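The block underneath contains the structure these notes are about, expressed in C-alpha cells.
Note that the coordinates shown come from a computational prediction; the quantities given were computed from them, not determined experimentally. Both backbone and side-chain heavy atoms feed into the values below; hydrogens, waters and symmetry mates do not.
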Amino acid sequence: MAQSEQSETKPTKRRAGRKRLPPLKPGPAFQFVVASHPDEFKAGNTMRHVRSHVMYKHRGDQEGIGRSRSTSSRACGGRAKKRQPVARSTSPLTATSDGVPNGTFLAPPDTHRSATWDSELYSVLPQSPALDPTRSLATRIIATTTAQAPRSAPAMFDHMAEYPFPSIESPRTESMDELRQLYIESNEFCDSDDIEWMQILCSTHMSFLSSVSVSCVYRDLSDGLLDDSPLTVYAKTKVLQLIKDSLQEARRSTDDFTALSILHLLISEFGGIDEGVFNVHQEGLVRLVHERGGLGRLGFDGRLATTLTVVMLTFSVIRGRLEPNLLQQFVPSPPRHPFMVKQPPISPIYAPGDDLSALYGVCSDTTYEILCNMHNLTQTFIHRWAYPGDAYSPSAMEDSSCDSQMQQIYSSLLGRPSTESEDSPDWVYEACRLAALIYCRSIVQGVPFSDSANVLHAPSTGTMSPPTTQLAALCNALEQTATGNCWGDMYGVFLWICLIGGAASRDMVPHTVYGSQDESYDVLCWVRKWFALFSVKGALAGGFERAVEVVEAQRTMLQVQGLIGVKRGVES
C-alpha cells in the first residue's frame, strides 16, 4: 500500500518524444501496489498512479480549507466577516466493528497528530488573530503547560531519543498560578458564585486545558469561523493526548478530572456533522460513570454530576434523543447558599405556579404576551396528549376544547407583525416571535421542529432581504442581540429559543461528502453549530444556583418533543 511518493530526481533535460498523457480518473481511497520484485515499484505506470492518487487527495484537502462564516453570514442576513484560515478538527476516536471504542473508554488512536510535538504550537500562532485576548491567553497557557510537561518525541519517532528536527525556541515560561487566575477572571462561564468551581476545574493540567479548548471553540464561533482555527485544533489535540494518557493509568482512568475533561471534549465537538464519533464519546463517558457507580458517586460535592446532567440533557434535546437512563430520576443538589442571586429560568417551558410575571418589564409588552401564550400552549398540549387513549384521559369534549385553544393561540401568533424593517428593530421580540412560530406550528400540526423551521420566511415589507427559512431568520435575529450574557435575567427564554433552533437544525443538514458542499450547506452547518453551542451556554448560565430549575425546563422540552411524536403517530 503506498501512502505517498518518495522524492525523485528531476531530469535536467527533456526526453525526446515524450507526450503528456490524459489525466487519470480519481481512484479509491487507498492505492494498492502489488509487485514480485522491488524494481517493479518504480515502474512508470505504477509511479503515475501513485502520483495521481496523492494529487487528488491534496486538491480535495485544499478545497476544504479556508471555509469561514463569510458566506454563511451573508446568507443569514448578517454582516460578512473576514475570511480566516481554518482547519477541520479530526476525529479523536475510532470504533471497532461493533461500535465499541478501542481501548478502555475513549482512548484516542495513535494515528492522531502527536500533541507532544510542541514546536507546532508556534508555527500556528501567526495564523490566529494576534490581538484577540482570549487566544493570546490560551496560547500562553498551552505554552506554559508544554514547557512544564515532560518532553517526548512524536509517536512516529518513539524509538528516537530526541526530535529529528531542531526545535523552535519557546517564549519565556510564565507562572501557571497567575495564568489560572487570569483565566478564571476572564472566563465568561464563571461568575462570583462559581469561582470555587472554576478553581477546582483548573487545578489539573488536563481539566484546565480541556476548559481552555472549549473557550477557543466559542472564540472561533464569535469570530465567525465555521471550522476550528489552527490554535483550537492544537488545543484539542493536546487535550486528547492528556485524556489518552489518563485512560491508560488504572488509578486515573475513571477519576473525576478524566470525566470532566471528556465532558469538555464533548462540548467542544457539539454541533459537528460526524455524529457517529460523538456517540462513541458520549457512550464512553456513560460507561465511565457507570464504572464509578453512578452519578451519586461522582465528586466535588455533586457539582460534577450536576454539570454532566445539565449538559447531557441539552445534548438529548438538540439531538432528538430520549433522556439517558443514567440521568433518569437524578435531581441536582440544592444550592449551597440559602440566598440566591440569580433569577429562575422563567420561560414557556418553566414557570412555577404558571407565573411569568418575573419577566414583565424586562422585555417589551408584546414579547411578554408571546411568552405567556407559549407557556399556555405548552401546558395545554401536555395536558391534551400526556395520556392519549388511557383510562384517565380527558373526555372527547375536553380534547376538542384543548385543540381549539391551541389553534387560537397559533392564529393569534400568525397575526403578529415583524419589526425587522423598523429603524430600531426589537430583535429580542423578533427572536421570540420566530421561535414561537416554529414551536407553535410543530405542536398544533404535530410535525418535527425541522419541518416548521424549514418554512419560507417572509421578510417585512420594504426590506431587501433575500428569501430564507424561518430557522436562518431566527439565527440572524438572535445574533443581533446581546448573546454574551445569554440575555441576563431572560436566560431561560434564551435557552428555550436555542433548544428549538438546535433541535430544528439537526435534521436539516444533509449528509454529503466533505469538500463537495455549496454555500447553502455552509449556512446550515453554521446555524446548526451556533444553536448547539449556545444551547449549552444558555443551560449553564444559571450556574449551580439554578441547576434544579434548568433541568426541569429541559425535561419539559423533552416531554414536548416526545408528545409531538405521539400526536404525529396517532393522527397518521
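- Side-chain contact between Val311 and Leu266: absent, with no pair of heavy atoms (C-beta onward) separated by less than 4.5 Å.
- Nearest heavy-atom pair, Cys432 versus Leu371, reported as atom, atom and distance to 0.1 Å: SG-CD2, 4.1 Å.
- If you take CD on Glu185 and CE on Met198, they are separated by 11.0 Å, rounding to the nearest 0.5 Å.
- Residues Leu377 and Met374 form a side-chain contact, since some pair of their non-hydrogen atoms from C-beta on lies under 4.5 Å apart.
- A salt bridge does not link Glu552 to Arg555: none of the charged side-chain nitrogens sits closer than 4.0 Å to a carboxylate oxygen.
- Annotation: side chain of Ser452 is in contact with side chain of Val447 (closest heavy-atom distance under 4.5 Å).
- A heavy-atom distance below 4.5 Å is found between the side chains of Phe531 and Leu471.
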Step-by-step salt bridge (Lys or Arg N to Asp or Glu O under 4.0 Å) determination, Asp256 to Arg292 | CA-CA 9 Å; Asp256 293 322; Arg292 284 288 300 274; 2.9 Å; yes
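- The side-chain heavy atoms of Lys238 and Val212, taken from C-beta on, include no pair separated by under 4.5 Å.
- Side-chain atoms of Ser535 do not come within 3.5 Å of backbone N or O of Cys498 as any donor-acceptor pair.
- Side-chain atoms of Leu413 and Tyr439, non-hydrogen and from C-beta on, never get closer than 4.5 Å to each other.
- Going from atom OG of Ser261 over to atom CG of Leu240 covers 10.5 Å, rounded to the nearest 0.5 Å.
- Of the inter-residue distances, the one linking Thr556 atom OG1 with Gln379 atom CD reads 7.5 Å to the nearest 0.5 angstrom.
- The two residues Leu356 and Ala351 make their nearest non-hydrogen contact at CD1-CB, 3.4 Å.
- Here the straight-line distance linking atom OG of Ser253 with atom CG of Asp245 works out to 13.0 Å at 0.5 Å rounding.
- Of all heavy-atom pairs spanning Phe330 and Ala305, the tightest one is CZ-CB, 3.6 Å.
- Defined by atom type and a distance below 3.5 Å, a donor-acceptor pair is present between the side-chain atoms of Tyr183 and Ser215.
- For Ser213 and Ser268, the side-chain atoms include no donor-acceptor pair closer than 3.5 Å.
- Tested against Met312, the residues Thr307, Val289, Val286 include a single side chain to side chain contact (heavy atoms under 4.5 Å, CB included) partner, Val286.
- Taking each heavy atom of His264 and Val214 in turn, the nearest pair found is O-CG2, 3.4 Å.
- Of the possible donor and acceptor atoms, one in the side chain of Thr481 sits under 3.5 Å from a partner among the backbone N and O of Leu478.
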List the steps and the verdict of side chain to side chain contact (heavy atoms under 4.5 Å, CB included) for Lys529 and Asp220.
-> CA-CA 11 Å; Lys529 184 174 184 179; Asp220 290 345; 5.7 Å; no
Determine, stepwise, if the pair Phe300 / Phe257 fulfils ring-ring contact (aromatic ring centres under 6.0 Å, His included).
-> CA-CA 10 Å; Phe300 309 134; Phe257 290 106; 5.3 Å; yes
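- Without hydrogens or angle criteria, Lys567 side chain to Ile443 main chain gives a donor-acceptor distance under 3.5 Å.
- The CH2 atom of Trp427 lies 5.5 Å from the CG atom of Asn476; values are rounded to the nearest 0.5 Å.
- Nearest heavy atoms, Arg384 versus Asp403: NE-OD1, 3.3 Å.
- Taking the ring centre of Phe544 as origin, the terminal cationic atom of Arg303 falls inside the region bounded by 6.0 Å and 45° from the ring axis.
- One N or O on the side chain of Lys342 and one on the backbone of Ala541 form a donor-acceptor pair closer than 3.5 Å.
- Side-chain atoms of Asp355 come within 3.5 Å of backbone atoms of Ser357 as a donor-acceptor pair (strictly under, hydrogens ignored).
- Between Asp451 and Arg441 there is no salt bridge, since no side-chain nitrogen of the basic residue lies less than 4.0 Å from a carboxylate oxygen of the acidic one.
- Between Ile346 and Val493, the closest side-chain pair of non-hydrogen atoms is not below 4.5 Å.
- Closest of all the heavy-atom pairs between Ile142 and Ala235 is CD1-CB, 3.8 Å.
- Going from atom OG of Ser442 over to atom CZ of Phe449 covers 5.5 Å, rounded to the nearest 0.5 Å.
- Trp385 and Phe381 have tilted rings, their planes meeting at an angle from 30° to 60° on a 0 to 90° scale.
- The closest side-chain heavy-atom distance from Leu285 to His281 is not below 4.5 Å.
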Worked check of side chain to side chain contact (heavy atoms under 4.5 Å, CB included) between Leu495 and Ser347 = CA-CA 9 Å; Leu495 172 61; Ser347 74; over 6 Å; no
